[in-house]
Number of protein chains: 2
Amino acid sequence: MTDATMGGALDRLLAVVVVLGRDAQHRLAEIGLSDARAGLLWELARSGPTTQRRLADLIGVSPRNITGLVDGLVGTGFVTREPHPDDRRAALVTLTAHGTAVVVTLAEEQRVFARQLFDGLPAASLRSFVDGLDHVLGVIAELGADSPHLAGLLPARLSAT
Amino acid sequence: MTDATMGGALDRLLAVVVVLGRDAQHRLAEIGLSDARAGLLWELARSGPTTQRRLADLIGVSPRNITGLVDGLVGTGFVTREPHPDDRRAALVTLTAHGTAVVVTLAEEQRVFARQLFDGLPAASLRSFVDGLDHVLGVIAELGADSPHLAGLLPARLSAT
DNA sequence: TATTGTTATACTCTATAACTATA
DNA sequence: TATAGTTATAGAGTATAACAATA
């Protein structure tokens, strides 16, 4: 197989990355969310009421950063910040009714989108496609985080804009 | 085909998005580049010496933003900013030898990465995979920018971290 | 002493608006 | 009058470090 063939496959994969990322960001902005805030919201939906410290660990971001994200989400009505009942140092972040409704809506939209994306694809083709994705994920897992070969992808991704 | 099957396909696709984006950012940081600066560098490699105004249009970002990105790239030795020979209002941004070398390296690393990613895949499987990607790109193109259904993808993407 | 969250500070990316120099 | 790039200002996301209150 030629380098061009494989390069083309990677290019297409990056093109998909670009359009999905752009559209998601666009949709979130309509609702009044940024990527970072939406990530926090999503984590909150999975975990239930959570301390800021734990959110920092779950999302992989500094505690100081969580303070800012929660400030924003409180200000726009997606979450509340309340004193932790058992630990007076800690704060408990909780989805509001609005925050919960938004997460539910986004999840539903994602389901609809998956259907739009793959409904026209024969079952066998979809299976092959998923196999390809799994292969890619497997290779990346093998290469590991310390591989110096997972390299300059973003430039291509950005130029695809 | 079930919703779960298609949802799983989208989930995997988003997982790939996450790991590729993370690894690219990691690699760029090693070289001393951010996503935004790498994007400018890449565009410069494609276009040759370019005015800041044109870069703003190409990248789709405000002229003021270009000023900052070029400042950073000049300071770290990736590009030069020189007076335009014909238009004394304009500046001409040009890759340095170092900047050119970095772009070449990243492009080569990307080629190596594509090989690592797809070499283990039978040709027929790779073709099916690419077909799947093309299908996805086609559907998205059909839906168009005004579709309200390309929705809350990023939350899932982030939770996949 | 260790932990939670904050204030203080700083850097990057992003934007708009006003201004300067030039076309 | 229009265009290229800057200064001025603002806001989001990110980080570290120092500090308060509490465990």
Side-chain angles (χ1 to χ4, degrees), chain A residues 21-22 24-26 28-29 31-43 49-76 78-94 154-155 157-158 161, chain B residues 21-22 24-26 28-29 31-43 49-76 78-94 154-155 157-158 161:
Chain A
R22 196 163 40 199
Q25 202 172 335
H26 195 263
L28 289 174
I31 303 175
L33 285 173
S34 62
D35 291 6
R37 290 182 190 177
L40 202 162
L41 221 60
W42 205 254
E43 196 54 59
T50 308
T51 65
Q52 294 190 184
R53 172 67 220 205
R54 182 144 171 271
L55 284 172
D57 292 338
L58 288 171
I59 298 182
V61 96
S62 72
R64 176 59 184 93
N65 198 351
I66 296 292
T67 300
L69 295 176
V70 171
D71 283 351
L73 288 167
V74 168
T76 47
F78 290 90
V79 308
T80 60
R81 179 199 272 125
E82 287 168 300
H84 192 290
D86 301 348
D87 186 339
R88 277 165 38 204
R89 294 171 304 179
L92 211 51
V93 182
T94 308
L154 269 183
R157 169 182 145 194
L158 291 168
T161 307
Chain B
R22 195 162 41 199
Q25 202 172 335
H26 195 264
L28 291 174
I31 302 175
L33 286 173
S34 62
D35 289 7
R37 290 182 190 176
L40 202 162
L41 220 60
W42 206 253
E43 196 54 60
T50 309
T51 64
Q52 295 190 184
R53 173 65 221 205
R54 182 144 171 271
L55 284 172
D57 291 339
L58 287 171
I59 298 182
V61 95
S62 72
R64 177 57 184 94
N65 198 353
I66 296 291
T67 299
L69 294 175
V70 172
D71 284 350
L73 288 167
V74 168
T76 47
F78 289 90
V79 308
T80 60
R81 178 199 272 126
E82 287 168 302
H84 193 289
D86 301 347
D87 186 338
R88 277 166 37 205
R89 295 171 303 179
L92 211 51
V93 182
T94 308
L154 269 184
R157 169 182 146 192
L158 290 169
T161 307

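Every chain is numbered from 1 and lettered A, B, ... according to where its sequence line falls, protein lines coming before strand lines. Worth knowing before you read on, the calculation uses all heavy atoms, side chains too, and leaves out hydrogens, waters and symmetry mates.
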Can you confirm whether B/Leu73 sits close enough to B/Arg81 that some side-chain heavy atom of one is under 4.5 Å from a side-chain heavy atom of the other?
no
Can you check the A/Ile59 CD1 to D/dA12 P distance for me, whole Å?
17 Å
Does a nitrogen or oxygen in the side chain of A/Thr67 sit under 4.0 Å from OP1 or OP2 of C/dG5?
no
Output the rounded distance in Å from CG (A/Leu73) to C1' (D/dA12).
12 Å
Spacing of B/Phe78 atom CZ relative to C/dT12 atom P, expressed in whole Å:
13 Å
Using a cut-off of less than 4.0 Å, is there contact between a side-chain N or O of B/Arg88 and OP1 or OP2 of D/dG5?
no
Return the value, rounded to whole Å, for the distance between atom CG of B/Asp86 and atom C1' of C/dT22.
14 Å
Show me, pair by pair, the donor-acceptor contacts under 3.5 angstrom made by side chains of residues 55-62 of chain A, not counting sequence neighbours?
residue	atom	partner	partner atom	Å
A/Asp57	OD1	A/Arg53	NH2	3.1
A/Ser62	OG	A/Asn65	N	3.2

Heavy-atom nearest nucleotide on DNA chain D for B/Pro63 versus A/Ser34: which residue maps closer to 5'?
B/Pro63
For A/Asp71 and D/dG11, give me the distance from atom CG to atom C1', rounded to whole Å.
14 Å
May I ask you to evaluate whether A/Asn65 reaches the phosphate of D/dA15, defined as a side-chain N or O under 4.0 Å from OP1 or OP2?
yes
From D/dT3, C/dG5, C/dT14, nucleotide with atom closest to B/Arg89 side chain:
D/dT3
Rounded to whole angstrom units, what separation is found between the CG atom of A/Leu28 and the C1' atom of D/dA12?
15 Å
Tell me whether the side-chain N/O atoms of B/Ser62 come closer than 4.0 Å to OP1 or OP2 in C/dA15.
yes
A/Leu92 CG to C/dT3 P, straight-line distance once rounded to whole Å
20 Å
Do B/Leu41 and B/Leu33 have side-chain heavy atoms sitting under 4.5 Å apart?
yes
Phosphate OP1/OP2 of D/dT14: any A/Arg64 side-chain N/O under 4.0 Å
no
For residues B/Leu92 and B/Thr50, determine if any side-chain heavy atom of one lies less than 4.5 Å from a side-chain heavy atom of the other.
no
Between A/Arg81 and C/dT6, is there a contact of a side-chain N or O with OP1 or OP2 at under 4.0 Å?
yes
Closest to the A/Val61 side chain: D/dA4, C/dG5, D/dT14?
D/dT14
Quick one: B/Asp87 CG to D/dA2 C1', roughly how many Å, whole number?
12 Å
For A/Leu69, which contact category applies under a 4.0 Å heavy-atom criterion: base, sugar-phosphate, or nothing?
sugar-phosphate
Nearest to the A/Ala36 side chain among D/dT22, D/dG13, D/dA4, which nucleotide is it?
D/dG13
Verdict with reasoning, A/Leu40 to A/Phe78, per side-chain contact (heavy atoms from CB on, under 4.5 Å)
CA-CA 10 Å; A/Leu40 202 162; A/Phe78 290 90; over 6 Å; no
Does B/Leu33 or A/Ile66 map to a spot on DNA chain C nearer the 5' end, using the closest nucleotide for each?
A/Ile66
